[in-house]
Amino acid sequence: MLQTISPALARRVALAAQGFGRPVPAAAPGIRQLGALVERLGLLQIDSVNVFERSHYVPAFSRLGPYDKAQLDRLSSGASPRLTEYWVHEASLIPVEDWPLFRWRMQAFRDRAAADDAHWSQENAPMLAWLRAELAANGPMRASAIEHDANKRSGPWWGWSDVKIGLETLFRWGDVVSGGRQRFERVYALPEHVFPTDLLDREVPAADAHRALINQAALAHGIGTVKDLADYFRLRTEPTRVAIAELEDAGELIPVEVPGWGRGGAAGAAWLHRDARLPRRMDAAAVLSPFDPVVWERARAERLFDFHYRIEIYTPQEKRQFGYYVLPVLLGDTIVGRVDLKNDRQAGVLRVQASWAEPTAPADTAARLAEVLRSTAAWQGLSDIEVVPRGTLAAGLAAELAR
């Protein structure tokens, strides 16, 4: 008979697996703590929107408290980086040791390009060869440093230049890797410029890679459905099912059911990682990036927290319900609200453009969120917080911040 996990316990398991519920370090987290966090999560999703803070910096703050962002940058730069970038759950930072797990994906990108007569690479092989030669001769470089033709922007690929298109093509194929970033612009390098020989020589069969990635997804989620585990690294359903079955046979994953996780509110099938913590309580206090693994799969967020969440960046202003860059508010083991934050760096102000409470938010939501925002402003080096009177939580939050 399948073990039943209550929805409340499943929620706590998921948060504990994501690194919540642990004591916040007394001192600012350093390289060791940040590296351990990325290994626990498996990745940090990258996004270019900077109205509050770039998304890959926020999960560490949510879990560890204020830290020096330069320390995280150090992990992905230098002669022997511990983190690198690849397309895993969108563009993401991952542990360097995990890069070979995606060789099958790199080969799939290459195969699709070879099979598509209209693919850009088909008519631009000389450009690709020239880019490899440039990097071989000059070492890691940004696209803007390579472009010699007045940085022309043309063609259908989002207005990118041929140099940028070529570098991104090689990056997807694994012929070029990330050598860190400068002013958020990716530095491109040949793999041998960045990775040790033993890593470059490591070949992982696709089935073994899928099994390792699903195991990592289950560790990071704690508990999840087939869709949850597949989505973590953007894997297809069928190889995910095969990997789950193999991990179940090995005792790594434990099949369970969770009431309400199935169709029509019925119990649904899920898998619990054998190393998952089953905490009796959870008392987190954080704002979450829209690209945090806790909420990035919106159906899972709704299932776990009864929280309907959509990012409204691309929604016309007059049609936005909650705001432009809205971050979920996690208190205890529940998402209790959302805040639209803007980092006004020139004025030194954290602007709360809107703040909303969920219908079941506890009475102390404004008070606890005020403390989170004070910590957030301090982390960002801002001296003041201003609350715009928009949203059901705005008045209470402004009153708490005025104390």
Test log, rule side-chain hydrogen bond (donor to acceptor under 3.5 Å, both in side chains), inputs Q182 and R142: CA-CA 8 Å; Q182 295 177 5; R142 291 170 293 137; 3.1 Å; yes
Sub-6.0 Å ring centroid separation between W296 and Y232: yes
Minimum-distance pair of heavy atoms, taken over all atoms of Y324 and D340: N-OD2, 3.0 Å
Note, E257 side chain near I5 side chain (heavy atom, < 4.5 Å): no
Nearest non-hydrogen partners of P191 and G174, listed with the distance: CG-O, 3.5 Å
Minimum side-chain heavy-atom gap H210-F233 below 4.5 Å: no
Aromatic ring proximity F171/Y86, centre distance under 6.0 Å: yes
Heavy-atom closest pair, residues P279 and L9: O-CD1, 3.8 Å
Flag if over 12 foreign heavy atoms under 6.0 Å of CG, D306: no
Donor-acceptor side-chain pairing of Q353 and R390 below 3.5 angstrom: no
Note, D208 side chain near W104 side chain (heavy atom, < 4.5 Å): no
Sequence-distant partners of E192, salt bridge (charged side-chain N to carboxylate O under 4.0 Å, His left out), two or more places apart: none
Test side-chain hydrogen bond (donor to acceptor under 3.5 Å, both in side chains) applied to E312 and Q321, step by step: CA-CA 8 Å; E312 298 180 280; Q321 183 178 2; over 6 Å; no
pair K227-E297: side-chain heavy atoms closer than 4.5 Å: yes
Salt-bridge contact R110-D175 (side-chain N to carboxylate O under 4.0 Å): yes
Shortest non-hydrogen contact from A243 toward I214: CB-CG1, 3.8 Å
CD/E318: more than 12 non-hydrogen atoms of other groups inside 6.0 Å: yes
Any side-chain heavy-atom pair of V256 and L2 under 4.5 Å: no
Side-chain touch H89/F291, heavy atoms, less than 4.5 angstrom: no
Identified salt bridge (charged side-chain N to carboxylate O under 4.0 Å, His left out) partner of R300 from the options D231, D228, D292: D228
Full working for side-chain hydrogen bond (donor to acceptor under 3.5 Å, both in side chains) between Y325 and N50: CA-CA 9 Å; Y325 198 76; N50 197 27; over 6 Å; no
Ring centers of F322, W356 separated by less than 6.0 Å: yes
Side chain to side chain contact (heavy atoms under 4.5 Å, CB included) against P100, all qualifying residues, sequence neighbours excluded: R103, L199, R202, V204
Centroid separation F61 to W379 less than 6.0 Å: yes
Audit row: L167, L135, side chain to side chain contact (heavy atoms under 4.5 Å, CB included) steps and yes/no: CA-CA 10 Å; L167 288 169; L135 293 174; 4.2 Å; yes
Minimum side-chain heavy-atom gap S55-V49 below 4.5 Å: no
Residues R368, D283: salt bridge by 4.0 Å N-O rule: yes
Donor-acceptor contact present, side-chain Q33 to main-chain G30, <3.5 Å: yes
Minimum heavy-atom distance between P290 and V326, given as atom pair plus value: CG-O, 3.7 Å
K69, NZ atom: more than 12 neighbouring heavy atoms under 6.0 Å: yes
Basic-acidic side-chain contact under 4.0 Å: R338, E358: yes
Exam field: side chain H119 to backbone D116, donor-acceptor pair closer than 3.5 Å: no
Atom pair CG/CZ of L330 and R63 - distance to nearest 0.5 Å: 9.0 Å
Exercise: do S121 and N124 side chains pair donor with acceptor under 3.5 Å: no
W261 six-ring centre to R303 NZ/CZ under 6.0 Å and within 45° of normal: yes
Polar side-chain atom of S178 near backbone of G180 as donor-acceptor pair, under 3.5 Å: yes
Note, V13 side chain near L272 side chain (heavy atom, < 4.5 Å): yes
Heavy-atom closest contact (L170 atom, L128 atom, distance): CG-CD2, 3.9 Å
Cation-pi, W87 ring and R172 (6.0 angstrom, 45 degrees): yes
Listed once per pair and sorted, the side-chain hydrogen bond (donor to acceptor under 3.5 Å, both in side chains) pairs that draw on residues 235-246, sequence neighbours left out: R211-E246
Stepwise side-chain hydrogen bond (donor to acceptor under 3.5 Å, both in side chains) test for R320 and Q317: CA-CA 5 Å; R320 291 179 196 140; Q317 183 173 356; 4.7 Å; no
Stepwise salt bridge (charged side-chain N to carboxylate O under 4.0 Å, His left out) check, R82 with E97: CA-CA 8 Å; R82 291 174 55 183; E97 289 295 312; over 6 Å; no
Spacing of CG belonging to L327 relative to OG belonging to S355, to within rounding of 0.5 Å: 12.5 Å
cation_pi(R54, F184) dist<6.0 Å, angle<=45: yes
Distance-only polar pair, side chains of S92 and E85, donor-acceptor under 3.5 Å: no
Donor-acceptor pair between N215 and H273 side chains, under 3.5 angstrom: yes
